[in-house]
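Not measured: the values here are computed from a predicted model. Just the heavy atoms: all of them, side chains too, but no hydrogens, waters or symmetry mates, feed the values below.
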Amino acid sequence: MTGAELISFEPATGAELWRGASGDVDAEVAKARAGWADWAARPVTYRIEALRRFANTVRSHHDEFADLIARETGKPLWEAKTEVDTVINKVDISVTAYSERTGQRRLDAPMNTRMALRHKPHGVLAVLGPYNFPAHLPNGHIVPALLAGNAVVFKPSEKTPATGEMLVRCYHEAGIPEGCVRLLLGGPEAGKALSGHPDIDGLLFTGSARTGLALNRQFAEQPEKILALEMGGNNPILVWDSPDLAATATLIVQSAFTTAGQRCTAGRRLIVGNDQYEPLMAELTDLIRRIIVDSPHADPQPFMGPVIDSDTADMLTESFLSLSTRGGRPIVHLKRPRGNLPFLTPGVIDMTEASERPDAELFGPILQVVRTDSFDDAMAEANRTRYGLSASLMSQDPKLFDRFWATIRAGIVNWNRPTNGASSAAPFGGIGWSGNHRPSALYAADYCAYPVVSNEADQARATIGIGLRD
Ligand SMILES: NC(=O)c1ccc[n+]([C@@H]2O[C@H](COP(=O)([O-])OP(=O)(O)OC[C@H]3O[C@@H](n4cnc5c(N)ncnc54)[C@H](O)[C@@H]3O)[C@@H](O)[C@H]2O)c1
Ligand SMILES: O=CCC[C@H](NC(=O)CCC(=O)O)C(=O)O
């Protein structure tokens with residue numbers, strides 16, 4: 001039980017947006033436990049219908065919801081609208097995934113018997129959400145979890161409690177029982193108490209590698225609990241013999257700076273052959289100069305808004321400086337144009353000659369560039385990370401893409417496409433410090449239920465034919 005006050009501020013103005021009290025972990029878990037059995041016992045068609053009502057409820061609040069997300073995260077309104085669309089679309093995608101991956105079907109069986117494969121829910125699942133997609137990403141766990149028959153205790157990021165609250169309100173307004181989806185407000189301490197609670201059956205997490213690794217340790221001796229970790233990335237973009245460098249530059253900007261670089265799949269490291277370096281930097285700097293950084297509701301709409309808060313902006317500014325003190329050469333300086341407000345303009349820094357290239361996810365609009373002589377060196381550089389979420393090759397050569405695909409260590413491997421903007425209709429996840437081999441999106445169905453195989457016959461029949469005395 002905490003009860004401590006929680007306040008969220010609009011990054012773009014610094015104004016207070018929302019204020020409320022942190023929740024009571026024991027009470028929320030107990031309510032979910034009490035609500036679970038009835039929900040799990042309902043036929044899946046009932047749960048599908050309830051979730052379709054949820055999609056319609058969100059649709060009916062579309063503009064209000066997008067406005068809130070834009071205010072609370074600082075992302076542009078156009079982008080917040082796409083986040084709400086993704087929340088809505090998640091329902092149909094999850095229904096398809098449920099039946100394809102975890103529904104029920106017959107398996108081959110000996111004569112006079114049957115074998116059935118069915119799936120059961122785990123029970124009460126905790127969901128911990130990040131701030132960058134405060135509705136879409138937790139919803140990407142919650143919808144498949146509910147569909148499979150679990151109850152959920154959801155703790156949104158302490159930086160986006162208002163969006164978390166609105167998401168849960170939509171489930172309840174749609175008639176999903178209050179015992180099935182519980183909202184727990186609070187910060188990391190509430191997260192720790194929830195993830196360590198003895199009465200949860202698993203944890204579905206989206207957030208940083210630092211937190212994910214701590215959770216991995218916490219769950220190490222609890223094999224009975226499911227743990228799905230969706231974490232960050234230090235994602236490479238490799239440019240090699242790309243014929244249209246203007247188009248390539250747009251894909252790089254889209255990868256690195258959409259959502260002010262606050263996407264787990266953002267392109268963080270640009271690796272480029274020496275002969276294309278100069279013309280590519282010219283295209284890139286031209287394009288970056290045209291990027292509008294402004295408030296979420298500004299007209300014209302900006303490409304990107306501020307980062308989430310001033311502490312984060314301070315940390316990113318210091319990180320950029322620290323990269324230069326290690327020998328990085330700024331190509332486009334990261335700037336903070338509006339005093340203490342957390343607006344940042346994109347920064348690009350050449351790290352080729354640096355004494356050290358730290359393998360850290362800088363979660364903001366910073367792109368590090370490395371030049372190489374050979375494609376092999378470029379591949380080695382791309383794989384020089386403990387993370388492994390997304391990677392892109394920009395090249396016209398299909399043979400290079402074959403080599404890239406075979407050698408790169410990542411869960412999303414793209415060709416002449418951005419590192420981000422992944423589809424909900426495909427599996428989504430990474431390796432290394434990016435996840436624990438429980439991919440989300442289409443494959444979220446897999447970690448929301450466990451398979452149960454039944455060998456069945458209508459009546460008992462004698463089966464031992466040999467080895468018995470008369
Ligand atoms: N792979 C993905 O799908 C994906 C998607 C979005 C964001 N991310 C990653 O999320 C990060 C940004 O989000 P963030 O800063 O909110 O992440 P975070 O790890 O700081 O927080 C995520 C959630 O965990 C809680 N938490 C923090 N410390 C905890 C602890 N010790 N025990 C239990 N709970 C704790 C937070 O309160 C929050 O709800 C980035 O690293 C980004 O790459 C990953
Ligand atoms: O910040 C991390 C998510 C980024 C986003 N990925 C998805 O939305 C995956 C699809 C899903 O979970 O439904 C992206 O790649 O931009």
Side-chain angles (χ1 to χ4, degrees), residues 76 79 234-263 265-294 298 300-307 313 316-338 342-354 357-358 361-373 378 381-382 390-396 414 416-421:
E79 196 189 339
N234 192 11
N235 312 303
I237 305 169
L238 206 159
V239 179
W240 211 267
D241 290 336
S242 192
D244 185 342
L245 289 180
T248 303
T250 64
L251 294 168
I252 293 167
V253 160
Q254 207 177 325
S255 302
F257 304 126
T258 306
T259 327
Q262 300 168 111
R263 288 201 187 200
T265 45
R268 307 265 173 227
R269 296 177 297 135
L270 173 62
I271 302 156
V272 54
N274 270 321
D275 49 348
Q276 291 209 294
Y277 175 80
E278 292 293 346
L280 181 61
M281 288 309 113
E283 293 288 353
L284 200 55
T285 47
D286 270 2
L287 191 56
I288 288 172
R289 271 191 207 101
R290 292 173 48 211
I291 289 178
I292 302 174
V293 182
D294 207 337
Q301 274 277 275
F303 177 80
M304 58 185 248
V307 296
L316 289 163
T317 313
E318 280 158 25
S319 300
F320 195 83
L321 259 176
S322 156
L323 293 177
S324 14
T325 56
R326 286 165 208 254
R329 186 177 57 81
I331 297 170
V332 181
H333 279 276
L334 184 84
K335 292 196 198 109
R336 194 160 174 182
R338 295 201 200 172
F343 288 91
L344 292 174
T345 58
V348 182
I349 184 161
D350 186 328
M351 294 296 288
T352 314
E353 309 294 338
R357 295 195 276 277
E361 180 193 46
L362 296 178
F363 205 59
I366 296 177
L367 179 66
Q368 299 177 54
V369 186
V370 175
R371 284 172 274 129
T372 65
D373 289 325
E381 187 62 36
S390 67
S392 285
L393 173 71
M394 311 291 176
S395 172
Q396 65 177 340
N414 292 344
N416 294 320
R417 297 291 298 149
T419 50
N420 54 8

Legend entry - Check: Gln262 side chain, Thr259 main-chain N or O, donor-acceptor pair, under 3.5 Å: yes

Inset, instruction - Check whether any side-chain heavy atom of Phe303 sits under 4.5 Å from a side-chain heavy atom of Thr258, and report yes or no. - result: yes

Legend entry - side chain to side chain contact (heavy atoms under 4.5 Å, CB included) between Arg269 and Arg357, worked out: CA-CA 10 Å; Arg269 296 177 297 135; Arg357 295 195 276 277; over 6 Å; no

Legend entry - Asn235 side chain to Ala266 backbone, donor-acceptor under 3.5 Å: yes

Inset, instruction - Check Gln301 against Ala298 and note the closest heavy-atom contact, atom names and distance. - result: NE2-O, 3.1 Å

Legend entry - side-chain contact (heavy atoms from CB on, under 4.5 Å), paired with Val272, selected from Asp350, Leu284, Val369: Val369

Inset, instruction - Please step through side chain to side chain contact (heavy atoms under 4.5 Å, CB included) for the pair Met394 and Leu270, ending with a clear verdict. - result: CA-CA 10 Å; Met394 311 291 176; Leu270 173 62; over 6 Å; no

Inset, instruction - Just do the side chain to side chain contact (heavy atoms under 4.5 Å, CB included) check on Leu362 and Phe320 with the steps written out, would you? - result: CA-CA 9 Å; Leu362 296 178; Phe320 195 83; over 6 Å; no

Legend entry - Polar side-chain atom of Thr352 near backbone of Arg371 as donor-acceptor pair, under 3.5 Å: yes

Legend entry - Ser390 backbone acceptor or donor facing Thr419 side chain under 3.5 Å: no

Check residues 246-254 and write down every donor-acceptor pair under 3.5 Å in which the side-chain atom is one partner and the other belongs to a residue at least two apart or another chain.
| unit_1 | atom_1 | unit_2 | atom_2 | d |
| --- | --- | --- | --- | --- |
| Thr248 | OG1 | Ser242 | OG | 2.8 |
| Thr248 | OG1 | Asp244 | O | 2.8 |
| Thr250 | OG1 | Ala247 | O | 2.6 |

Legend entry - Side chain Glu278, main chain Asp275, donor-acceptor under 3.5 Å: no

Inset, instruction - Please round to the nearest 0.5 Å and tell me the distance separating atom NE2 of His333 and atom OG1 of Thr345. - result: 10.5 Å

Inset, instruction - Step by step, work out the side chain to side chain contact (heavy atoms under 4.5 Å, CB included) result for Glu361 and Arg268. - result: CA-CA 8 Å; Glu361 180 193 46; Arg268 307 265 173 227; 3.9 Å; yes

Inset, instruction - For the pair Thr285 (side chain) and Ala282 (backbone), establish whether a donor and an acceptor sit closer than 3.5 Å, ignoring hydrogens and angles. - result: yes

Inset, instruction - Return yes if some donor-acceptor pair links the side-chain N/O of Arg326 with the main-chain N/O of Met351 below 3.5 Å, else return no. - result: no

Inset, instruction - Check for a donor-acceptor pair, side chain of Ser392 on one end and backbone N or O of Arg417 on the other, with a separation under 3.5 Å. - result: yes

